[in-house]
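Notes to accompany the following structure.
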Amino acid sequence: MTSSMQQLTLQDFLKRPNIEESPAWEFVEGQANQKPMPTAYHSILQKRLTAAIDLSNSPYEAFPELRCTLSNNSVVPDITVIHKSRIPVENTAVEGAPDWMIETLSPDQSTTKLIAKIQICLNEGAKLGWLIDPTEQLILILLPDGRISLLKNSDRLPVLPNIMLDLTAMQVFAWVRDR
(Lines give C-alpha, C1' and ligand atoms only; values in the text may rest on other atoms or scores of the structure.)
Protein backbone atom coordinates (compact mmCIF):
# COMPACT_ATOMS: atom_id res chain seq x y z
CA MET A 1 0.00 0.00 0.00
CA THR A 2 1.42 3.37 -1.01
CA SER A 3 1.04 6.29 1.36
CA SER A 4 1.37 10.03 0.99
CA MET A 5 2.67 11.45 4.27
CA GLN A 6 1.89 15.12 3.69
CA GLN A 7 -1.21 16.34 5.52
CA LEU A 8 -4.09 17.18 3.20
CA THR A 9 -7.64 18.32 3.57
CA LEU A 10 -10.43 16.23 2.10
CA GLN A 11 -11.06 18.95 -0.49
CA ASP A 12 -7.36 18.94 -1.53
CA PHE A 13 -7.38 15.15 -1.76
CA LEU A 14 -10.49 15.09 -3.97
CA LYS A 15 -8.81 17.52 -6.41
CA ARG A 16 -5.82 15.21 -6.94
CA PRO A 17 -5.75 13.81 -10.49
CA ASN A 18 -4.61 10.31 -9.53
CA ILE A 19 -7.13 9.21 -6.90
CA GLU A 20 -9.09 7.03 -9.32
CA GLU A 21 -6.09 5.20 -10.78
CA SER A 22 -5.98 1.49 -10.13
CA PRO A 23 -5.85 0.62 -7.35
CA ALA A 24 -7.79 3.61 -6.03
CA TRP A 25 -6.59 6.05 -3.40
CA GLU A 26 -8.44 6.65 -0.13
CA PHE A 27 -8.33 9.51 2.35
CA VAL A 28 -8.77 8.29 5.93
CA GLU A 29 -8.04 10.28 9.06
CA GLY A 30 -5.98 12.90 7.20
CA GLN A 31 -3.84 10.41 5.27
CA ALA A 32 -3.94 9.55 1.57
CA ASN A 33 -3.24 5.85 0.96
CA GLN A 34 -3.44 3.75 -2.16
CA LYS A 35 -5.35 0.50 -1.74
CA PRO A 36 -3.34 -2.69 -2.36
CA MET A 37 -3.75 -4.52 -5.65
CA PRO A 38 -6.38 -7.24 -5.11
CA THR A 39 -5.37 -10.89 -4.93
CA ALA A 40 -7.22 -13.69 -6.76
CA TYR A 41 -9.22 -14.66 -3.64
CA HIS A 42 -10.11 -11.04 -3.06
CA SER A 43 -11.39 -10.64 -6.62
CA ILE A 44 -13.36 -13.90 -6.55
CA LEU A 45 -15.09 -12.96 -3.29
CA GLN A 46 -15.80 -9.44 -4.57
CA LYS A 47 -17.29 -10.77 -7.81
CA ARG A 48 -19.44 -13.46 -6.16
CA LEU A 49 -20.72 -11.31 -3.29
CA THR A 50 -21.60 -8.41 -5.58
CA ALA A 51 -23.54 -10.78 -7.85
CA ALA A 52 -25.31 -12.50 -4.94
CA ILE A 53 -26.41 -9.19 -3.43
CA ASP A 54 -27.62 -7.87 -6.79
CA LEU A 55 -29.57 -11.08 -7.45
CA SER A 56 -31.39 -10.79 -4.11
CA ASN A 57 -34.15 -8.67 -5.71
CA SER A 58 -33.90 -5.94 -3.09
CA PRO A 59 -33.99 -2.14 -3.07
CA TYR A 60 -30.18 -2.19 -2.69
CA GLU A 61 -27.42 -2.49 -5.24
CA ALA A 62 -23.82 -3.64 -4.75
CA PHE A 63 -20.83 -1.98 -6.42
CA PRO A 64 -17.18 -3.01 -6.44
CA GLU A 65 -14.70 -0.25 -5.59
CA LEU A 66 -17.17 2.69 -5.52
CA ARG A 67 -15.93 5.86 -3.81
CA CYS A 68 -17.93 7.23 -0.88
CA THR A 69 -17.26 10.78 0.27
CA LEU A 70 -17.88 11.26 3.98
CA SER A 71 -17.65 14.43 6.06
CA ASN A 72 -13.85 14.19 6.50
CA ASN A 73 -12.87 11.00 4.67
CA SER A 74 -13.07 9.46 1.22
CA VAL A 75 -13.22 5.67 1.17
CA VAL A 76 -13.44 3.05 -1.55
CA PRO A 77 -14.86 -0.12 0.03
CA ASP A 78 -14.21 -3.39 -1.75
CA ILE A 79 -18.01 -3.64 -2.01
CA THR A 80 -20.34 -0.70 -1.44
CA VAL A 81 -24.01 -1.57 -0.95
CA ILE A 82 -26.39 1.37 -1.18
CA HIS A 83 -30.12 1.85 -1.53
CA LYS A 84 -31.06 2.38 -5.18
CA SER A 85 -32.33 5.87 -4.35
CA ARG A 86 -28.76 6.85 -3.37
CA ILE A 87 -27.08 5.82 -6.62
CA PRO A 88 -25.50 9.01 -7.99
CA VAL A 89 -27.29 10.44 -11.03
CA GLU A 90 -24.02 11.94 -12.27
CA ASN A 91 -20.73 10.10 -12.66
CA THR A 92 -19.64 10.97 -9.12
CA ALA A 93 -18.89 9.41 -5.76
CA VAL A 94 -21.61 8.36 -3.35
CA GLU A 95 -22.30 11.14 -0.86
CA GLY A 96 -22.12 9.74 2.64
CA ALA A 97 -21.37 6.32 4.04
CA PRO A 98 -22.46 3.17 2.26
CA ASP A 99 -25.47 1.45 3.78
CA TRP A 100 -23.36 -1.72 4.01
CA MET A 101 -19.67 -2.02 3.30
CA ILE A 102 -17.66 -5.16 2.75
CA GLU A 103 -13.88 -5.33 2.95
CA THR A 104 -11.69 -8.34 2.20
CA LEU A 105 -8.39 -8.48 4.05
CA SER A 106 -5.42 -8.77 1.70
CA PRO A 107 -2.16 -10.32 2.94
CA ASP A 108 -0.38 -6.95 3.20
CA GLN A 109 -3.24 -5.00 4.80
CA SER A 110 -3.62 -3.98 8.42
CA THR A 111 -6.66 -5.54 10.09
CA THR A 112 -6.93 -2.66 12.55
CA LYS A 113 -6.83 -0.02 9.79
CA LEU A 114 -9.67 -1.79 7.96
CA ILE A 115 -11.68 -2.05 11.18
CA ALA A 116 -11.09 1.68 11.78
CA LYS A 117 -12.27 2.46 8.22
CA ILE A 118 -15.45 0.42 8.73
CA GLN A 119 -16.05 2.13 12.10
CA ILE A 120 -15.67 5.56 10.48
CA CYS A 121 -18.42 4.60 8.02
CA LEU A 122 -20.61 3.17 10.80
CA ASN A 123 -20.21 6.44 12.72
CA GLU A 124 -21.40 8.32 9.61
CA GLY A 125 -24.51 6.24 8.96
CA ALA A 126 -23.51 2.83 7.60
CA LYS A 127 -25.79 0.12 8.96
CA LEU A 128 -23.49 -2.89 8.56
CA GLY A 129 -19.84 -3.69 7.97
CA TRP A 130 -18.16 -6.97 7.08
CA LEU A 131 -14.44 -7.67 7.17
CA ILE A 132 -13.67 -10.93 5.41
CA ASP A 133 -10.44 -12.70 6.37
CA PRO A 134 -9.77 -15.43 3.76
CA THR A 135 -6.67 -16.72 5.59
CA GLU A 136 -8.45 -17.29 8.91
CA GLN A 137 -11.73 -18.21 7.14
CA LEU A 138 -13.79 -15.87 9.30
CA ILE A 139 -15.93 -12.80 8.80
CA LEU A 140 -15.88 -9.98 11.32
CA ILE A 141 -19.27 -8.26 11.59
CA LEU A 142 -19.39 -4.66 12.81
CA LEU A 143 -22.61 -2.86 13.75
CA PRO A 144 -23.36 0.83 14.43
CA ASP A 145 -23.97 0.17 18.14
CA GLY A 146 -20.38 -1.04 18.54
CA ARG A 147 -21.14 -4.75 18.61
CA ILE A 148 -18.59 -6.95 16.87
CA SER A 149 -19.05 -10.63 16.02
CA LEU A 150 -16.65 -13.20 14.56
CA LEU A 151 -18.53 -15.59 12.31
CA LYS A 152 -17.23 -18.79 10.76
CA ASN A 153 -18.29 -22.18 9.48
CA SER A 154 -22.09 -22.53 9.52
CA ASP A 155 -22.72 -19.15 11.17
CA ARG A 156 -25.39 -17.19 9.25
CA LEU A 157 -24.19 -13.82 8.01
CA PRO A 158 -26.32 -10.74 8.75
CA VAL A 159 -27.45 -8.60 5.83
CA LEU A 160 -29.51 -5.43 5.54
CA PRO A 161 -33.29 -5.63 5.96
CA ASN A 162 -35.06 -6.24 2.63
CA ILE A 163 -32.11 -8.18 1.22
CA MET A 164 -33.17 -11.79 0.82
CA LEU A 165 -29.75 -13.39 1.07
CA ASP A 166 -29.12 -16.40 3.26
CA LEU A 167 -25.37 -17.05 3.46
CA THR A 168 -23.05 -18.73 5.88
CA ALA A 169 -19.36 -18.03 6.28
CA MET A 170 -18.68 -21.54 4.96
CA GLN A 171 -20.61 -20.80 1.74
CA VAL A 172 -18.65 -17.57 1.18
CA PHE A 173 -15.30 -19.31 1.56
CA ALA A 174 -16.45 -22.22 -0.65
CA TRP A 175 -16.54 -19.72 -3.55
CA VAL A 176 -12.76 -19.51 -3.27
CA ARG A 177 -12.17 -23.25 -2.75
CA ASP A 178 -14.70 -24.58 -5.28
CA ARG A 179 -13.97 -22.49 -8.31
Distance (rounded to the nearest 0.5 Å) between His42 NE2 and Asp78 CG: 3.0 Å
Within the supplied structure, the quantity of interest is the number of heavy atoms (other residues, nucleotides, ligands) at a distance under 6.0 Å from Asn18 CG; does it exceed 12? yes
Flag yes if more than 12 heavy atoms outside Asn91 fall under 6.0 Å of its CG atom; otherwise flag no. no
Within the distance-only criterion (no hydrogens, no angle test), does the side chain of Asn153 pair as donor or acceptor with the backbone N or O of Met170 below 3.5 angstrom? no
Residue pair Ser71 / Glu124, side-chain donor-acceptor N/O under 3.5 Å: yes
If two hydrophobic side chains count as joined below 4.5 Å and joins carry through other members, does Leu122 share a cluster with Leu66? no
Starting from the C-alpha separation in whole Å, work towards a yes-or-no answer on side chain to side chain contact (heavy atoms under 4.5 Å, CB included) for Leu105 and Leu114. CA-CA 8 Å; Leu105 185 63; Leu114 282 175; 3.7 Å; yes
Hey, mind stepping through Ile120 and Glu29 against side chain to side chain contact (heavy atoms under 4.5 Å, CB included) and telling me if it holds? CA-CA 9 Å; Ile120 285 168; Glu29 297 182 328; 3.7 Å; yes
Flag, side chain of Trp100 to backbone of Ala62, donor-acceptor distance under 3.5 Å: no
Check step by step if side chain to side chain contact (heavy atoms under 4.5 Å, CB included) holds for Asp99 and Val81. CA-CA 6 Å; Asp99 295 307; Val81 182; 5.5 Å; no
Go through the steps for Val94 and Phe63 under the test side chain to side chain contact (heavy atoms under 4.5 Å, CB included), then give the verdict. CA-CA 11 Å; Val94 172; Phe63 297 91; over 6 Å; no
Might you point out which heavy atoms bring Leu8 and Ala32 nearest each other, and give the distance in Å? CD1-CB, 4.2 Å
Here the pair of heavy atoms bringing Gln109 nearest to Thr104 is OE1-O, 3.3 Å
Are the side chain of Thr69 and the backbone of Ala93 linked by a donor-acceptor contact shorter than 3.5 Å? no
May I ask you to decide if Ile53's main-chain N or O and Ser56's side chain share a donor-acceptor pair within less than 3.5 Å? yes
For Arg67 and Ile19 the tightest heavy-atom approach is NH2-O, 3.0 Å
My understanding is that only one of Leu131, Leu150, Leu151 makes a side-chain contact (heavy atoms from CB on, under 4.5 Å) with Leu138; could you say which? Leu150
Report yes or no: does Asp54 contribute a side-chain atom to a donor-acceptor pair with the main-chain N or O of Ala51 at less than 3.5 Å? no
So which atom in Leu70 and which in Leu10 form the shortest heavy-atom distance, rounded to 0.1 Å? O-CD2, 3.5 Å
In Gln34, Lys117, Lys35, the residue satisfying side-chain hydrogen bond (donor to acceptor under 3.5 Å, both in side chains) with Glu26 is Lys117
Examine Val172 and Leu140 and state if one hydrophobic cluster contains both, with Ile, Leu, Val, Met, Phe, Trp and Tyr joined whenever side-chain heavy atoms are less than 4.5 Å apart. no
In terms of hydrophobic clustering (I, L, V, M, F, W, Y; side-chain heavy atoms under 4.5 Å; direct or indirect links), are Val75 and Ile118 co-clustered? no
Closer than 3.5 angstrom, by distance alone: can the side chain of Thr9 be matched with the main-chain N or O of Asp12 as a donor-acceptor pair? yes
In terms of heavy-atom contacts, Pro144 and Ala126 come closest through CG-O, 3.4 Å
Can you see which heavy atom on Thr50 is nearest to which on Pro64, and at what distance? CG2-CD, 4.1 Å
Short side-chain to backbone donor-acceptor contact, Lys84 and Ser58, under 3.5 Å: yes
